Participant: 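Would you mind keeping the following structure in view while I ask a few things?
The chain is numbered in sequence order, starting from 1. It should be emphasised that the depicted structure is a prediction, and the values quoted were computed from it without experimental measurement.
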Amino acid sequence: MTFDFAGLLVLLTAVSGIIWAIDAMFFARNRKPSTGGERTEPLIVDYARSLFPVFLIVLILRSFIVEPFRIPSASMMPTLLRGDFILVNKYDYGIRLPVLNTKVFGNGQPKRGDVIVFRYPEDPAVPFIKRVVGVPGDHLQFKDKNLIINGAPIELDLKGIYHSDGVGRRENGSYLMEEQLDQLKHEVLINPLQLSSVEIDRKIPDGHYFVLGDNRDNSRDSRYWGLVPDENLVGRAFYIWMNWSSDGILDLQSWDMDRERIGSAIN
């Protein structure tokens, strides 16, 4: 069961605001002063008055500006590692109401190469993160681990053999490749020992996006469950600010290797 933090935040903001407003309109004026001459208020009203602005500010920031996420898997290696804490821009693809996820203001659309967070189409309560490789109108093909967009093969330049002493140990031995989507260059992992059993040949319809994980042989993405509809978009991942290992302990083994990546932009 996925915890609905957005729903809880909306509830806390609404309840604290209503309590404070009701007290201000109906009870505060008639409240008798204390012996010190000041009007005292019930503890619940004091908490509501103090916490309502905090809840409201956090709700606005998280719903409309930026939201933190934690990477739970290796599907976006080497761009993102398991345990990375990232920030997601919530307004690049339009303003959406919290909980309802209804778009109220259009601001832009994902571009080819963007790393996006979205609600998993098969279970919208679960957030996913992948890279956009196909946008509306594209004719996209995927065959023998090769990506072809509108008839043009996307070249992969070999940079070496991937090796990590930390969270990427399972991916050691994969090829570290550089891929370019439009003007954006980024790295992907290809496992030469794993056969490709998925072939794709489709036109991307309006309002939908084809996404892949950068860890191409260790990612469940649009090759398996289909396209991401526009209404499932959450935002664009743009910043890494920390890495915390899956068992809740700072991964000191990989810290020396990865600390230059922390605090960097996501490409």
Participant: Check S16 against L12 and note the closest heavy-atom contact, atom names and distance.
Facilitator: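 The answer is OG-O, 2.8 Å.
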Participant: Decide whether I18 and F55 are clustered together by the hydrophobic rule: side chain heavy atoms of Ile, Leu, Val, Met, Phe, Trp, Tyr closer than 4.5 Å, transitively.
Facilitator: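 No.
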Participant: Please answer: with hydrophobic residues joined when any side-chain heavy atoms are less than 4.5 Å apart, are V132 and Y120 in the same cluster?
Facilitator: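 Same hydrophobic cluster.
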Participant: So L189 and D214, side chain to side chain contact (heavy atoms under 4.5 Å, CB included) or not? Walk me through it.
Facilitator: CA-CA 6 Å; L189 296 182; D214 287 349; over 6 Å; no
Participant: Any chance you could measure N267, atom CG, to T79, atom OG1, to the nearest 0.5 Å?
Facilitator: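 Going from CG on N267 over to OG1 on T79, the span is 8.0 Å.
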Participant: Measure the CG-CD1 distance between N243 and I86 for me, rounded to the nearest 0.5 Å.
Facilitator: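 The CD1 atom of I86 is 12.0 Å from CG of N243, to the nearest 0.5 Å.
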Participant: Which residues pass the side chain to side chain donor-acceptor pair (under 3.5 Å) test with H186, not counting sequence neighbours?
Facilitator: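 Partners of H186 by the side chain to side chain donor-acceptor pair (under 3.5 Å) criterion, ordered by chain and then number, come out as R131, E179.
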Participant: Can K130 and S75 be counted as having a side-chain donor-acceptor contact under 3.5 angstrom?
Facilitator: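 Yes - a donor-acceptor pair under 3.5 Å links their side chains.
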Participant: At what distance, to the nearest 0.5 angstrom, does CD1 of I149 lie from CZ of F142?
Facilitator: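 Result: 11.0 Å between the selected atoms.
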Participant: Report yes or no: does Q180 contribute a side-chain atom to a donor-acceptor pair with the main-chain N or O of D182 at less than 3.5 Å?
Facilitator: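 Judged by distance alone, yes, a pair lies under 3.5 Å.
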Participant: Hydrophobic clustering (ILVMFWY, side-chain heavy atoms < 4.5 Å, transitive) - are L193 and M77 grouped together?
Facilitator: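 No, because M77 and L193 fall into different hydrophobic clusters, even though each may have its own neighbours under 4.5 Å.
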Participant: Give me the atom names and distance for the closest heavy-atom approach of I116 to P110.
Facilitator: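 Nearest pair, atom of I116 first, then P110: CG2-CB, 4.4 Å.
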Participant: As an exercise, state the distance from CG of L181 to CZ of R112, rounded to the nearest 0.5 Å.
Facilitator: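 Between L181 CG and R112 CZ, I get 7.5 Å after rounding to 0.5 Å.
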Participant: Less than 4.5 Å apart, any side-chain heavy atom of S174 and any of D217?
Facilitator: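 No; the side chains remain at least 4.5 Å from each other.
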Participant: Provide the closest heavy-atom pair for V54 versus S50 in the form atom of the first, atom of the second, distance.
Facilitator: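 Answer, listing the atom of V54 first, then S50: CG2-O, 3.9 Å.
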Participant: How far apart are the C-alpha atoms of V115 and I129, what are their side-chain angles, what is the distance that settles it, and do they pass the side chain to side chain contact (heavy atoms under 4.5 Å, CB included) test?
Facilitator: CA-CA 7 Å; V115 177; I129 182 167; 3.7 Å; yes
Participant: Would you say the side chain of K90 lies within less than 4.5 Å of the side chain of I65, judging by non-hydrogen atoms?
Facilitator: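 Sidechains of K90 and I65: no contact.
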Participant: Starting from the C-alpha separation in whole Å, work towards a yes-or-no answer on side chain to side chain contact (heavy atoms under 4.5 Å, CB included) for I240 and I266.
Facilitator: CA-CA 7 Å; I240 304 168; I266 298 173; 3.7 Å; yes
Participant: In this structure, would M177 and I148 fall into the same cluster of hydrophobic residues linked by side-chain contacts under 4.5 Å?
Facilitator: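 Result: no, two separate clusters.
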Participant: Just do the side chain to side chain contact (heavy atoms under 4.5 Å, CB included) check on L87 and F238 with the steps written out, would you?
Facilitator: CA-CA 6 Å; L87 295 179; F238 71 97; 3.7 Å; yes
Participant: Linking I/L/V/M/F/W/Y whenever their side-chain heavy atoms sit closer than 4.5 Å, directly or via other members, would I200 and L147 fall into one cluster?
Facilitator: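 I200 clusters together with L147.
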Participant: Can you confirm whether K145 is buried at NZ, in the sense that more than 12 heavy atoms of other residues, nucleotides or ligands lie under 6.0 Å from that atom?
Facilitator: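 Count over threshold, so yes.
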Participant: Under the 4.5 Å side-chain heavy-atom rule for ILVMFWY, direct or indirect, which residues accompany L184?
Facilitator: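 L184 shares its hydrophobic cluster with no other residue.
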Participant: Tracing side-chain links under 4.5 Å among I, L, V, M, F, W and Y, which residues wind up in one group with L11?
Facilitator: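 Result for L11 is V15, I19, I44, V45.
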Participant: Inspect the surroundings of OH in Y175 and state if more than 12 heavy atoms from other residues, nucleotides or ligands are less than 6.0 Å away.
Facilitator: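 It does not: Y175 OH has 12 such atoms or fewer within range.
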Participant: Anything under 3.5 Å between a donor and an acceptor, one on a side chain of residues 222-234, the other on a protein residue two or more places apart or in another chain? List them.
Facilitator:
unit_1: S222; atom_1: OG; unit_2: V211; atom_2: N; d: 2.9
unit_1: S222; atom_1: OG; unit_2: V211; atom_2: O; d: 3.4
unit_1: S222; atom_1: OG; unit_2: G226; atom_2: O; d: 2.7
unit_1: R223; atom_1: NE; unit_2: D221; atom_2: OD1; d: 2.8
unit_1: R223; atom_1: NH1; unit_2: R216; atom_2: O; d: 3.1
unit_1: R223; atom_1: NH2; unit_2: R216; atom_2: O; d: 2.7
unit_1: R223; atom_1: NH2; unit_2: S219; atom_2: O; d: 3.4
unit_1: R223; atom_1: NH2; unit_2: D221; atom_2: OD2; d: 2.9
unit_1: W225; atom_1: NE1; unit_2: R220; atom_2: O; d: 3.2
unit_1: W225; atom_1: NE1; unit_2: D221; atom_2: O; d: 3.3
unit_1: D230; atom_1: OD2; unit_2: R96; atom_2: NH2; d: 3.3
unit_1: D230; atom_1: OD2; unit_2: K103; atom_2: NZ; d: 3.2
unit_1: N232; atom_1: ND2; unit_2: R119; atom_2: O; d: 2.7

Participant: Specify the closest pair of heavy atoms between P127 and F69, including all atoms of both residues, with the distance to one decimal.
Facilitator: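 So the two residues come closest at CB-CE2, 3.7 Å.
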Participant: Output every pair passing ring pair (Phe, Tyr, Trp, His ring centres under 6.0 Å) with a member in residues 75-108, not counting sequence neighbours, ordered by first then second residue.
Facilitator: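 Residue pairs passing ring pair (Phe, Tyr, Trp, His ring centres under 6.0 Å), neighbours aside: F85-W241.
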Participant: When the side chains of residues 150-160 are checked against the rest of the protein, which donor-acceptor pairs come out under 3.5 Å, sequence neighbours left out?
Facilitator:
unit_1: N150; atom_1: OD1; unit_2: H139; atom_2: N; d: 2.8
unit_1: N150; atom_1: ND2; unit_2: D138; atom_2: OD1; d: 3.1
unit_1: K159; atom_1: NZ; unit_2: E187; atom_2: OE2; d: 2.7

Participant: Could you state the interatomic distance from OH (Y209) to NZ (K111), rounded to the nearest 0.5 Å?
Facilitator: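 Rounded to the nearest 0.5 Å, the OH-NZ separation comes out at 10.5 Å.
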Participant: Show the nearest heavy-atom pair for residues G7 and V99, with the distance to one decimal.
Facilitator: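 Residues G7 and V99, closest heavy atoms: CA-CG2, 3.6 Å.
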Participant: Quick check for you: to the nearest 0.5 Å, what is the distance between N218 atom CG and S73 atom OG?
Facilitator: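 With rounding to 0.5 Å, CG (N218) is 7.5 Å from OG (S73).
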Participant: Applying side chain to side chain contact (heavy atoms under 4.5 Å, CB included) between L97 and each of I95, L100, N101, report the one that passes.
Facilitator: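 Only one of I95, L100, N101 forms a side chain to side chain contact (heavy atoms under 4.5 Å, CB included) with L97, namely L100.
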